[in-house]
Engineer: 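One structure follows; several queries about it will come next.
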Amino acid sequence: MSAQLDVAVLGCGFMGSALARTLAARGANVTVWNRTPERAQALTASGCSAVATVQEAVGRARIVVICLSTYEVVQAVLGDAGTLAGRVVVNMTTGSPDQARPMRDRVAEQGGGYLDAVIVGYPEQVGRDDFLLLVSGSEPEWETARQPLALLGGISRHVSESPEGANVLEAATVGAFHMTILAAFAEAARYAKAQGISPKEFMPLAVRVASVLEFQQEEIAQRLADEDFSTDQATLATYEKAARTFQHALSSSGTRAPLFDAAVAEFGRGVAQGRGEDAVWTLAANRDDA
Ligand SMILES: NC(=O)c1ccc[n+]([C@@H]2O[C@H](COP(=O)([O-])OP(=O)(O)OC[C@H]3O[C@@H](n4cnc5c(N)ncnc54)[C@H](OP(=O)(O)O)[C@@H]3O)[C@@H](O)[C@H]2O)c1
């Protein structure tokens, strides 16, 4: 077996366990370590070797996948790793962009190469075609890690030479966008339920409304790139008036909807700035007065 496929997985929580199981099932030589040893031990049934110390796990590996709860925990665990010379650390722990570069430097001090990676998906997606891993860091390290990471299925993509690149993408898409959508969905579902609409009726309609972004994605991307906010479809002012009507519907029903209230305020702010005749995407523009 190629040394490239000698992989250590540090952290056997929900995600780390899914990563270790999939890597082992697809031919990697996987060593696992976890603070609570039982979770690492459970992975021996899937063909992984469980070890008692971080140093032992790292010592057996060329690629060190880290999937712990926070970067602070990663820092602490690396303190027990010993030398990382000849190894590439792939840190899949969720973190903010400003944490990536210090982590890269920290790993370099221990002699190792570093990639920062973002998992866009749930543990059940690991190994499937819809698994998505975004990786940032220098090209030679990506070349070293590419083959084992490909075993995870889906698309592993190198998105940036800068260590923070993947975390920026994650903060924008999974963070500011997806997490707000989840909370907004919960608000909407509460309102629908209180009005006697069944989840089976509500759900497909909600998905259909959300998919507007999917079928307009190329046009929207072009308009954002060009800062072209002209429209012959719907102005921000039209959105704002409609939004106030819906806000009345939700508030008069007694539904607490702080995210929707914030959206209405954003539309109102854009109109007050004189952007009412623009398309709604005008709100995505960085303006000095925004
Ligand atoms: N689950 C997902 O859908 C998902 C998706 C994308 C990204 N992620 C990211 O993946 C990372 C892991 O998530 P998860 O869902 O696997 O979480 P989890 O099941 O809660 O696992 C957390 C892991 O961190 C370890 N840990 C926590 N505190 C520690 C400490 N002080 N010292 C040593 N180890 C410690 C835990 O060890 P013990 O077992 O000993 O507690 C466990 O291995 C997170 O950064 C998460 O944001 C998760």
Side-chain angles (χ1 to χ4, degrees), residues 7-24 30-46 48-58 61 63-82 89-100 102-104 106-107 110 114-137 145 149 152-157 159 163-183 185:
V7 182
V9 177
L10 307 181
C12 305
F14 287 141
M15 187 55 89
S17 294
L19 296 168
R21 269 195 305 269
T22 305
L23 288 165
V30 182
T31 305
V32 289
W33 170 86
N34 195 60
R35 174 182 62 174
T36 308
E38 291 75 16
R39 292 177 99 174
Q41 205 58 45
L43 289 164
T44 57
S46 305
C48 303
S49 307
V51 293
T53 67
V54 177
Q55 196 165 0
E56 208 180 338
V58 168
I63 305 294
V64 180
V65 170
I66 304 186
C67 193
L68 294 160
S69 48
T70 65
Y71 275 48
E72 288 75 18
V73 171
V74 176
Q75 290 276 5
V77 167
L78 283 176
D80 297 328
V89 169
V90 188
N91 185 14
M92 300 191 189
T93 305
T94 300
S96 70
D98 60 1
Q99 290 177 302
M103 191 64 80
R104 191 244 349 235
R106 159 74 198 257
V107 169
Q110 286 174 247
Y114 183 76
L115 293 169
D116 211 295
V118 162
I119 298 166
V120 185
Y122 290 111
E124 67 182 10
Q125 290 174 272
V126 179
R128 292 194 336 212
D129 287 348
D130 59 348
F131 180 69
L132 176 59
L133 189 73
L134 306 177
V135 182
S136 51
L149 294 182
L152 295 170
I155 319 163
S156 285
R157 269 200 288 141
V159 293
E164 54 276 346
N167 285 358
V168 171
L169 273 175
E170 185 180 36
T173 53
V174 180
F177 186 51
H178 180 60
M179 289 187 173
T180 308
I181 287 180
L182 289 182
F185 175 83

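Atoms within a ligand are numbered from 1 in the order they appear, just like the ligands themselves.
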Engineer: Which residue owns the protein heavy atom closest to atom 9 (C) of ligand 1, what's the atom, and how far is it?
Structural biologist: Thr94 OG1, 3.3 Å

Engineer: For Cys67, counting its heavy atoms only, list the atoms of ligand 1 lying under 4.0 Å from any of them.
Structural biologist: 10 (O), 11 (C), 12 (C)

Engineer: Once you restrict to heavy atoms under 4.0 Å, what part of Asn34 touches ligand 1? Side chain, backbone, both or neither.
Structural biologist: side chain

Engineer: For atom 20 (O) of ligand 1, is there a protein heavy atom at a distance under 4.0 Å?
Structural biologist: no

Engineer: May I ask which of Thr93, Val32, Val73, Leu10 has a heavy atom nearer to atom 35 (C) of ligand 1 than the others do?
Structural biologist: Val73

Engineer: Tell me which protein heavy atom sits closest to atom 5 (C) of ligand 1, plus the residue, atom name and distance to 0.1 Å.
Structural biologist: Gly121 O, 3.1 Å

Engineer: Out of the candidates Leu19, Val9, Leu115, only one should pair with Met92 under the side-chain contact (heavy atoms from CB on, under 4.5 Å) rule; please name it.
Structural biologist: Leu19

Engineer: Using the test salt bridge (charged side-chain N to carboxylate O under 4.0 Å, His left out), find all partners of Glu170 that sit at least two apart in sequence or belong to another chain.
Structural biologist: none

Engineer: Report, in ascending order of atom number, the atoms of ligand 1 lying under 4.0 Å from any heavy atom of Tyr122.
Structural biologist: 3 (O)

Engineer: Indicate, as side chain, backbone, both or neither, the part of Thr36 found under 4.0 angstrom from ligand 1 when only non-hydrogen atoms are considered.
Structural biologist: both

Engineer: Of all the heavy-atom pairs spanning Cys12 and Val32, show the shortest one and how long it is.
Structural biologist: SG-CB, 3.8 Å

Engineer: Check each atom of ligand 1 against the heavy atoms of Gly11 and keep those under 4.0 Å away; list them by number with element.
Structural biologist: 43 (O)

Engineer: If every non-hydrogen atom of Arg21 is compared with every non-hydrogen atom of Ser46, which pair is closest and at what distance?
Structural biologist: CG-OG, 3.4 Å

Engineer: Could you find the nearest protein heavy atom to atom 3 (O) of ligand 1 and give me its residue, atom name and distance?
Structural biologist: Pro123 CD, 3.3 Å

Engineer: Could you check whether any side-chain N or O of Glu164 sits under 3.5 Å from a backbone N or O of Gln99, counting only pairs where one atom can act as donor and the other as acceptor?
Structural biologist: no

Engineer: Counting heavy atoms only, which part of Met15 comes closer than 4.0 Å to ligand 1: side chain, backbone, both or neither?
Structural biologist: both

Engineer: So which heavy atom in the protein is nearest atom 26 (N) of ligand 1, and how far is it from that ligand atom?
Structural biologist: Ser69 OG, 3.9 Å

Engineer: Identify the protein heavy atom lying closest to atom 6 (C) of ligand 1, giving its residue, its atom name and the separation to 0.1 Å.
Structural biologist: Ile119 O, 3.5 Å

Engineer: Give, for atom CG of Leu43 and atom OG1 of Thr31, the distance between the pair rounded to the nearest 0.5 Å.
Structural biologist: 11.5 Å

Engineer: Could you tell me the residue and atom name of the protein heavy atom closest to atom 31 (N) of ligand 1, and the distance to it rounded to 0.1 Å?
Structural biologist: Arg35 NH1, 3.3 Å

Engineer: Return the residue, atom name and 0.1 Å-rounded distance of the protein heavy atom closest to atom 15 (O) of ligand 1.
Structural biologist: Phe14 CB, 3.8 Å

Engineer: Ser17 near ligand 1, heavy-atom distance under 4.0 Å?
Structural biologist: no

Engineer: For atom 11 (C) of ligand 1, which protein heavy atom lies nearest, and how many Å away is it?
Structural biologist: Leu68 O, 3.3 Å

Engineer: Just by distance, with hydrogens left out, do Asp98 and Tyr71 show a side-chain donor and acceptor under 3.5 Å apart?
Structural biologist: no

Engineer: Could you check whether any side-chain heavy atom of Leu78 comes within less than 4.5 Å of a side-chain heavy atom of Met103, counting everything from C-beta outward?
Structural biologist: yes

Engineer: So, for Trp33 and Val51, which heavy atoms are closest and what is the spacing to 0.1 Å?
Structural biologist: CD1-O, 3.7 Å

Engineer: Taking 4.0 Å as the limit for heavy-atom contacts, which would you say applies to Cys12 with ligand 1: side chain only, backbone only, both, or neither?
Structural biologist: backbone

Engineer: Among Val65, Leu149, Val90, whose side-chain contact (heavy atoms from CB on, under 4.5 Å) with Val7 holds?
Structural biologist: Val65

Engineer: Partners of Thr93 by side chain to side chain donor-acceptor pair (under 3.5 Å), sequence neighbours excluded?
Structural biologist: Asn91

